[in-house]
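Below you'll find the structure, written out as structure tokens, and then a few comments.
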Number of protein chains: 4
Amino acid sequence: MTVDRVSVALFGAGRIGKRHGRTLAFDIPAAELSIVCDVDETAARQLAADLRCDRWTTDPADVFSDPSIDAVVIGTSTNAHASLIAAAASAGKHAFCEKPVALDLESTDTALDAVTKAGTILQIGFQRRFDKGFAKAKQMIDSGAIGKVESIRESMRDPGPPPPGYLPTSGGLYRDMTIHCFDCLRWLAGEEVAEVFAMGSNLVDPIFGELGDIDTSVVSMRFESGALGVIDNSRRSAFGYDVRAEVFGSEGAIMIGYSRDTPLLHLSPSGVSSDHVYWFLERFDDAFVAEMHAFIRSVQSGAPPLVTGADGRAAMALAYAAEASLKSRTPISPANF
Amino acid sequence: MTVDRVSVALFGAGRIGKRHGRTLAFDIPAAELSIVCDVDETAARQLAADLRCDRWTTDPADVFSDPSIDAVVIGTSTNAHASLIAAAASAGKHAFCEKPVALDLESTDTALDAVTKAGTILQIGFQRRFDKGFAKAKQMIDSGAIGKVESIRESMRDPGPPPPGYLPTSGGLYRDMTIHCFDCLRWLAGEEVAEVFAMGSNLVDPIFGELGDIDTSVVSMRFESGALGVIDNSRRSAFGYDVRAEVFGSEGAIMIGYSRDTPLLHLSPSGVSSDHVYWFLERFDDAFVAEMHAFIRSVQSGAPPLVTGADGRAAMALAYAAEASLKSRTPISPANF
Amino acid sequence: MTVDRVSVALFGAGRIGKRHGRTLAFDIPAAELSIVCDVDETAARQLAADLRCDRWTTDPADVFSDPSIDAVVIGTSTNAHASLIAAAASAGKHAFCEKPVALDLESTDTALDAVTKAGTILQIGFQRRFDKGFAKAKQMIDSGAIGKVESIRESMRDPGPPPPGYLPTSGGLYRDMTIHCFDCLRWLAGEEVAEVFAMGSNLVDPIFGELGDIDTSVVSMRFESGALGVIDNSRRSAFGYDVRAEVFGSEGAIMIGYSRDTPLLHLSPSGVSSDHVYWFLERFDDAFVAEMHAFIRSVQSGAPPLVTGADGRAAMALAYAAEASLKSRTPISPANF
Amino acid sequence: MTVDRVSVALFGAGRIGKRHGRTLAFDIPAAELSIVCDVDETAARQLAADLRCDRWTTDPADVFSDPSIDAVVIGTSTNAHASLIAAAASAGKHAFCEKPVALDLESTDTALDAVTKAGTILQIGFQRRFDKGFAKAKQMIDSGAIGKVESIRESMRDPGPPPPGYLPTSGGLYRDMTIHCFDCLRWLAGEEVAEVFAMGSNLVDPIFGELGDIDTSVVSMRFESGALGVIDNSRRSAFGYDVRAEVFGSEGAIMIGYSRDTPLLHLSPSGVSSDHVYWFLERFDDAFVAEMHAFIRSVQSGAPPLVTGADGRAAMALAYAAEASLKSRTPISPANF
């Protein structure tokens with residue numbers, strides 16, 4: 001059987017670029033990593049070498065003008081996402097882009113319009129949907145295993161705040177972190193959010209307050225059916241990366257959580273202890289691979305991607321609603337944005 | 001050693017009266033169950049017999065006029081709580097009373113005033129504080145084991161709605177069910193709540209909506225320090241009684257939850273399964289005994305009770321705030337009530 | 001309804017006597033604790049007072065000559081078990097006796113013969129059978145939930161060695177500790193053991209070796225059907241009392257284990273930890289009550305006890321076989337004893 | 001930094017060959033998969049293509065005569081292991097070989113002699129040592145975290161018997177399956193086994209009995225220090241692949257086990273359930289990668305491999321001892337072999 005491999009260009013040679021590059025280069029027989037592009041020449045060259053890829057560049061035009069390239073994977077810093085998406089669309093290339101599309105809805109819409117016009121595939125990097133646990137939960141919910149969904153809860157905490165230099169460009173807690181939860185709740189519930197109420201505090205580090213940001217938050221939400229949702233977030237988690245969800249239905253419930261790094265218990269006079277996964281890259285290692293497989297399959301089959309640009313926009317609108325609620329101290333509908 | 005036993009009268013021969021009666025009659029050497037009082041003569045006589053207690057009555061005056069009785073335990077229906085508390089105080093008798101003191105704050109205040117005036121001991125039946133898990137969590141928090149508390153989450157779900165006949169007298173979700181969580185969060189946080197925001201739905205049974213009540217709720221709250229809290233409740237839980245809490249601090253976290261009824265796992269081709277505790281009387285069996293021990297110790301030593309009337313009032317004020325928030329769609333301070 | 005209560009005499013006012021006394025005095029409406037008997041007058045008097053029982057004695061004859069007493073519960077030291085069983089039988093009184101009946105099979109048989117002759121009920125104190133987890137496992141096995149049993153494993157470890165003074169009278173590891181596991185495996189398997197092979201070491205404390213005893217052991221066994229069993233024991237467990245079982249069948253498996261004392265997890269930078277039950281009296285608190293309920297029910301109904309004298313003998317024969325195997329270094333059949 | 005990559009030839013294009021091939025081709029930057037060799041031409045060609053490897057052959061001589069090849073990875077059927085090890089050694093090539101070296105000690109010794117003579121590196125595929133849980137356990141034991149080891153228990157069960165056609169060439173339960181446990185216990189204990197006693201049955205499928213083999217087994221063993229070990233195995237496990245270990249020390253214990261495939265709990269009226277890992281390739285996915293990394297590092301650094309040919313021989317001698325014990329019904333020392 002001779003299937004043409006999908007030729008992929010990788011934008012971004014940083015942390016997440018490396019992660020996706022490894023998948024593209026080695027884990028997906030149907031994909032071929034053709035070129036690595038980064039503004040930092042050394043980083044581009046080094047990552048290409050590590051991934052046994054012959055080509056690298058600092059100029060996106062090298063990618064967009066190359067007709068042999070089918071698709072791009074965008075893992076740059078956020079401010080470059082929207083323009084790369086639009087440029088890819090204009091060049092007729094499919095794109096996978098890390099969340100968020102942009103830090104504002106205007107740029108998001110511009111980028112998505114370009115994609116719609118071009119008719120290319122765009123998949124957004126909400127990798128949580130591809131985690132074995134979350135994916136099975138969705139499947140069970142859709143199959144009716146827990147009846148009608150009545151409430152959903154999601155927790156997400158990072159081990160510690162991002163580097164201070166990143167914070168001013170982060171978009172704030174809701175656009176940077178909670179956006180993963182916004183997407184996940186919409187997806188698990190299978191319906192849209194009618195209103196959002198946000199409560200937030202600055203407890204972890206004064207720098208968040210100085211930037212007008214918060215570091216600890218509880219967001220409650222009502223779905224159109226009346227089902228309720230709640231998300232609790234923090235920029236700090238003493239025990240490591242925390243991501244858990246609970247879905248309560250009329251006939252059962254599902255809990256998703258995974259705390260152990262190794263399958264080992266230590267029993268001693270001071271009790272029974274296990275370790276804990278520290279970092280999202282470990283927690284979602286499989287999910288990062290699975291989402292890339294899904295993207296390549298979409299490109300090959302022409303099937304719509306499993307996470308669309310519209311999904312990315314909807315999650316951002318929820319972030320806007322949460323921010324507006326925080327200021328107005330009232331529930332806000334994401335339909336306003 | 002000859003310590004005088006505390007002579008106790010029990011009001012109420014129903015479900016919770018039986019539970020406390022058993023403890024008083026058999027499990028506390030320092031207590032003596034002297035008389036059972038219930039408006040239903042048969043119930044009073046039968047429970048007295050079951051508890052090997054010689055006396056029973058349908059007339060509270062038999063209790064209040066008896067100088068040999070030191071204390072009363074009130075496990076009647078809620079509408080009788082406040083007047084019995086006041087009458088006990090007037091008669092100089094210490095009282096343990098199930099939550100809530102009353103369904104409204106006016107009656108609550110009247111009853112608490114009588115207690116204050118009499119200088120008697122009044123302990124409220126928030127048994128969760130006496131559960132081994134919750135008690136140890138509180139102890140760890142107070143000892144600094146998890147640093148500064150930043151957020152607290154509590155879940156509570158009953159297996160199913162109460163009997164329809166009970167609902168109109170329940171006081172609604174917040175005064176009837178969430179009140180346990182309101183007390184628990186205040187207590188775990190060790191500080192007062194600054195504001196409350198409530199979101200609720202009627203999803204479980206139309207009867208709640210018809211009564212102007214809700215059956216599914218998410219309440220978020222901000223404590224005075226800025227720490228956040230969130231409570232999710234439902235009148236339905238397909239898998240049995242659900243009570244769990246999570247406390248996140250600057251240096252660690254605590255999770256309290258207990259799902260298994262028997263220490264047994266069944267492994268089969270369809271997976272690994274365990275059972276689940278079905279009912280709060282099983283879940284808090286030990287706590288009901290522990291709170292009664294604490295009450296008797298307070299009576300003997302004269303030390304203040306571990307759950308005061310003021311605690312009962314504060315939890316009710318939070319219920320008021322939640323109701324007001326539900327109507328006004330804004331955060332409400334319990335200080336308004 | 002007026003059911004006559006079973007009048008019970010308690011022999012032994014030590015640790016296990018207190019445990020059973022509490023159950024008889026307070027937890028079983030159908031039983032009445034009538035007298036406490038102990039060779040130590042102070043202990044007998046004190047325990048009777050604590051249990052609100054009017055009578056105590058140091059002379060067993062006071063019990064056996066009293067026609068109002070229906071049954072005896074024997075919680076003395078082991079060397080008195082067999083003669084009290086025989087005396088109870090001769091006096092026409094039913095008996096519950098802690099394991100073992102005696103430290104040797106000759107005395108065991110003499111006592112059991114007396115019971116058979118008298119036609120009284122004798123129940124042996126293998127409380128593990130009454131634990132919720134073990135009881136449910138047995139029920140599931142018997143219902144075919146795991147198909148045909150192919151192997152069973154049981155672990156039992158005490159937190160630390162018994163007091164040195166007790167050891168010379170203990171009967172050694174197999175008669176003192178493993179006997180619980182021997183009974184449990186016979187019972188769970190629902191069939192007899194064909195042969196036993198024992199391997200033991202002296203690792204915990206030299207005193208065991210000096211007494212010709214072992215403190216660490218692995219016993220493997222073959223049941224008549226060919227199913228296999230294995231028991232591992234130790235006189236030391238740094239983390240607390242350890243009792244777990246695993247039953248593997250052709251269609252599934254069951255694991256029984258219970259490590260947490262409180263329903264609390266502590267998550268910190270050093271990992272996730274919980275506590276552990278320390279002591280068998282806590283682990284089997286419910287089972288001690290349940291076995292006494294079962295005994296009283298047998299006495300009332302005349303139904304055979306759930307743990308018979310023959311069960312006690314069979315477990316002791318397995319201990320003999322293990323000891324013989326240890327010496328001969330070959331598998332030994334319990335049918336030899 | 002320019003490090004020369006280790007050029008590796010892969011023998012065997014079956015299940016385990018594919019697993020190792022993927023690691024060599026994609027996951028180890030320091031390794032290069034240079035050629036795939038299999039007696040089945042189609043299999044060799046297809047695997048090479050899948051792994052993006054240019055060369056394949058059916059003739060081992062193509063490998064051994066090629067001076068550019070540094071090392072071989074042997075994942076063929078067992079009967080070819082020993083001769084390939086010897087041939088590799090003679091050609092001066094390092095070798096990684098799946099367990100066992102051979103089904104008999106004579107061939108094992110011949111192969112190991114060739115390696116010793118050549119001074120090449122030989123690593124045996126006991127992947128369990130590279131599992132995160134087992135590796136951390138070993139590290140903790142060696143660091144003294146649980147004091148002196150007193151007993152070790154290991155369980156291993158396959159979901160179901162191997163294909164009937166494989167059985168006559170399997171070497172029987174002890175050489176085929178238990179050998180993993182023999183290695184693991186020696187390694188965890190950090191000392192040699194003094195004697196072994198085996199009990200086995202034929203319960204799963206009559207075919208094992210017809211071949212003179214067993215399918216269910218308990219092996220107990222004494223280490224030189226007097227510490228005890230026990231291994232329980234079965235060719236059937238209704239719930240999926242079962243591999244767990246428990247190490248009890250004077251100051252604590254370690255338990256290693258991993259049952260969940262996805263981080264998901266389903267709570268319903270029939271209880272709480274999770275899934276279970278079904279297959280060893282999933283359970284040890286990371287370990288297969290880690291052992292290959294270790295092999296390549298040894299080849300590069302010249303450091304001794306973490307699992308030596310002597311380890312492979314010692315595990316096989318334990319299998320011999322277990323077989324001899326099964327026949328003689330007495331404990332047998334592996335030093336006899």
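Naming convention: chains lettered A, B, ... in sequence-line order (proteins, then strands); numbering from 1 in each chain.
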**Request:** Considering only heavy atoms and a distance below 4.5 Å, find which of Ala25(B), Gly252(B), Gly133(B), Pro269(B) pairs most often with chain C.
**Result:** Gly133(B)
**Message:** If I compare all heavy atoms of Phe126(B) with all of Ile179(B), which pair ends up nearest, and what's the gap?
**Reply:** CE2-O, 3.9 Å
**Heavy-atom pairs under 4.5 Å with chain B, option from Arg52(C), Lys132(C), Glu251(C), Met140(C) with the top count** = Arg52(C)
**Asked** Passes ring pair (Phe, Tyr, Trp, His ring centres under 6.0 Å), His293(C) versus Phe130(C)? Steps please.
**Response** CA-CA 10 Å; His293(C) 269 281; Phe130(C) 296 88; over 10 Å; no
**Prompt:** salt bridge (charged side-chain N to carboxylate O under 4.0 Å, His left out) between Arg129(B) and Asp183(B): does it pass, once the steps are laid out?
**Reply:** CA-CA 9 Å; Arg129(B) 295 193 186 195; Asp183(B) 177 66; 2.7 Å; yes
**Message:** Looking at Asp285(C), is its backbone amide N or carbonyl O close enough to the side chain of Arg19(C) to form a donor-acceptor pair, meaning the two atoms are under 3.5 Å apart?
**Reply:** yes
**Message:** Using heavy-atom distances under 4.5 Å, tell me whether Ala245(C) contacts chain B through its side chain, its backbone, both, or neither.
**Reply:** neither
**Interchain contact, Asp131(B) with chain C, by part (heavy-atom threshold 4.5 Å)** = side chain
**Asked** Using non-hydrogen atoms only, which part of Asp27(C) is less than 4.5 Å away from chain B: side chain, backbone, both, or neither?
**Response** side chain
**Request:** Under 4.5 Å heavy-atom distance to chain B, tell me which part of Arg22(C) shows up: side chain, backbone, both or neither.
**Result:** neither
**Item:** salt bridge (charged side-chain N to carboxylate O under 4.0 Å, His left out) evaluation trace for Asp66(B) with Arg55(B)
**Value:** CA-CA 12 Å; Asp66(B) 181 345; Arg55(B) 297 170 64 198; 2.9 Å; yes
**Asked** How are the rings of Phe26(B) and Phe26(C) set to each other: parallel, tilted or perpendicular (split at 30° and 60°)?
**Response** parallel
**Request:** Counting only heavy atoms closer than 4.5 Å, note whether Asp50(B) contacts chain C via side chain, backbone, both or neither.
**Result:** neither
